[in-house]
Amino acid sequence: MREPIKIVIADDHSLFREGIQLVLKKEKSIEMIGEAADGEALLRLIDETAPDVVITDIDMPGKSGIEVTRIVKQQRPETGVLALTMFGEDHLLVDMMDAGANGYLLKSSRKEELLQAIQSASDGGTYFCEQTSIQLSKMIAASKAPKREAQPEFSVIELEVMRLICEQQSNKDISEVTQLAVKTVEKIRTKIFEKTGSLNLAGVVIYAIRHGYYKP
């Protein structure tokens, strides 16, 4: 039986933190192990508890959620990070993705979306709520693609794994779909990262959409 996903949450509003804890309290697959009211406290909490997934607001006293995400991903790349915020501005979404966040949800998101995001981030995947997915697609569609001659070549299996990454599948899920070992999937993902010049999963998604390898 799988161990519960250990979670910490950071938000400078105590009522919101309490609300999230109440929402997640009944979920047997999740264990809330700590909370923080600012970015500095969140970093200390992460060092002390080594959570599987961090849920963080963006606008917090001290270090922002973006700064915290960048530090966490540098020091603990296996830790999933989800932004849960009331702000839906394009530049914040891009900055969180660039920092390495596994997902971005608005505080208006449904409980089911939050649970899916936690599960996906725990498995090393990505998740964007419905509104931010639409927003992201529009941003990518509006951006200019680099010249096609600069594109690398991808094998059939690399393109399939890239498609599954875009569909927010974890390594385990991709392994089951492709009938490949998880370690093989991990090696293919590393190749895709190298070929696309991506630093994180969000970068792969952007590359795939921008170059026509995936249509959301």
Side-chain angles (χ1 to χ4, degrees), residues 1-3 5-7 29 50-54 69-83 93-105 113 115-130 132-137 139-141 143-216:
M1 184 176 178
R2 182 172 178 172
E3 293 290 324
I5 302 170
K6 296 179 180 178
I7 293 177
S29 61
D52 300 310
V53 176
V54 176
T69 299
R70 187 167 286 111
I71 292 171
V72 170
K73 284 300 184 179
Q74 288 173 348
Q75 298 179 348
R76 301 172 180 271
E78 73 282 2
T79 303
V81 180
L82 297 171
L93 175 55
V94 171
D95 287 347
M96 277 302 288
M97 292 168 60
D98 184 59
N102 294 72
Y104 196 106
L105 297 97
E113 289 184 299
L115 295 177
Q116 288 179 38
I118 291 171
Q119 185 65 60
S120 180
S122 173
D123 291 336
T126 58
Y127 188 91
F128 296 91
C129 67
E130 183 177 351
T132 53
S133 291
I134 295 171
Q135 191 175 346
L136 183 60
S137 299
M139 289 164 57
I140 295 171
S143 66
K144 292 183 178 179
K147 295 180 179 179
R148 298 191 66 83
E149 56 266 28
Q151 292 185 46
E153 294 185 358
F154 296 95
S155 67
V156 173
I157 190 61
E158 287 172 344
L159 290 174
E160 175 66 2
V161 172
M162 186 188 297
R163 181 183 67 79
L164 293 169
I165 289 174
C166 293
E167 293 182 350
Q168 306 176 13
Q169 302 292 316
S170 67
N171 285 349
K172 183 180 178 183
D173 294 333
I174 295 173
S175 172
E176 292 175 355
V177 171
T178 60
Q179 298 296 302
L180 296 172
V182 172
K183 287 191 176 298
T184 302
V185 173
E186 291 173 351
K187 290 180 181 178
I188 294 173
R189 286 169 68 116
T190 299
K191 284 186 178 179
I192 293 172
F193 271 56
E194 292 173 352
K195 288 185 176 182
T196 59
S198 301
L199 299 176
N200 49 50
L201 294 174
V204 174
V205 175
I206 291 173
Y207 183 96
I209 296 174
R210 180 177 286 167
H211 292 83
Y213 293 120
Y214 180 76
K215 291 184 179 180

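FYI, side chains are in, hydrogens and waters are out, and symmetry mates aren't considered; it's all heavy atoms of this structure. Values in this document were obtained by computation on a predicted structure and should not be read as measured data.
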Evaluate H211 against T196 for side-chain contact (heavy atoms from CB on, under 4.5 Å), listing each step before the verdict.
CA-CA 10 Å; H211 292 83; T196 59; over 6 Å; no
Looking at [atom1] of [X] and [atom2] of [Y], how far apart are the two atoms once the value is rounded to the nearest 0.5 Å?
X    : Y    : atom1 : atom2 : result
R76  : I71  : CZ    : CD1   : 12.5 Å
K195 : E153 : NZ    : CD    : 8.0 Å
Y104 : M97  : OH    : CE    : 10.5 Å
Y127 : I118 : OH    : CD1   : 11.0 Å
L164 : L159 : CG    : CG    : 11.0 Å
C166 : Y207 : SG    : OH    : 11.5 Å

So do the side chains of [X] and [Y] get within less than 4.5 Å of each other, counting heavy atoms only?
X    : Y    : value
M96  : T69  : yes
E158 : E160 : no
T178 : I157 : yes

Test your reading of the model: is there a side-chain donor-acceptor pair from K6 to the backbone of A50, 3.5 Å cut-off?
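Such a contact is absent between K6 side chain and A50 backbone.
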Is the backbone of S120 close enough, under 3.5 Å, to the side chain of S170 for a donor and an acceptor to pair up by distance?
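No.
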Expected list for residues 183-194: side-chain donor-acceptor pairs under 3.5 angstrom, two or more places apart:
residue: R189; atom: NE; partner: N171; partner atom: OD1; Å: 2.9
residue: R189; atom: NH1; partner: N171; partner atom: OD1; Å: 2.6
residue: T190; atom: OG1; partner: E186; partner atom: O; Å: 3.0

Evaluate V54 against T79 for side-chain contact (heavy atoms from CB on, under 4.5 Å), listing each step before the verdict.
CA-CA 7 Å; V54 176; T79 303; 3.9 Å; yes
Looking at residues at least two apart in the chain, or sitting in another chain, which of them share a side chain to side chain donor-acceptor pair (under 3.5 Å) with K73?
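Counting only residues at least two positions away or on another chain, K73 forms a side chain to side chain donor-acceptor pair (under 3.5 Å) with N102.
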Return each pair, listed once, that meets ring-ring contact (aromatic ring centres under 6.0 Å, His included) where at least one residue sits in residues 154-177; pairs must be two or more places apart or across chains.
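Passing the test, one end in residues 154-177: F154-Y213.
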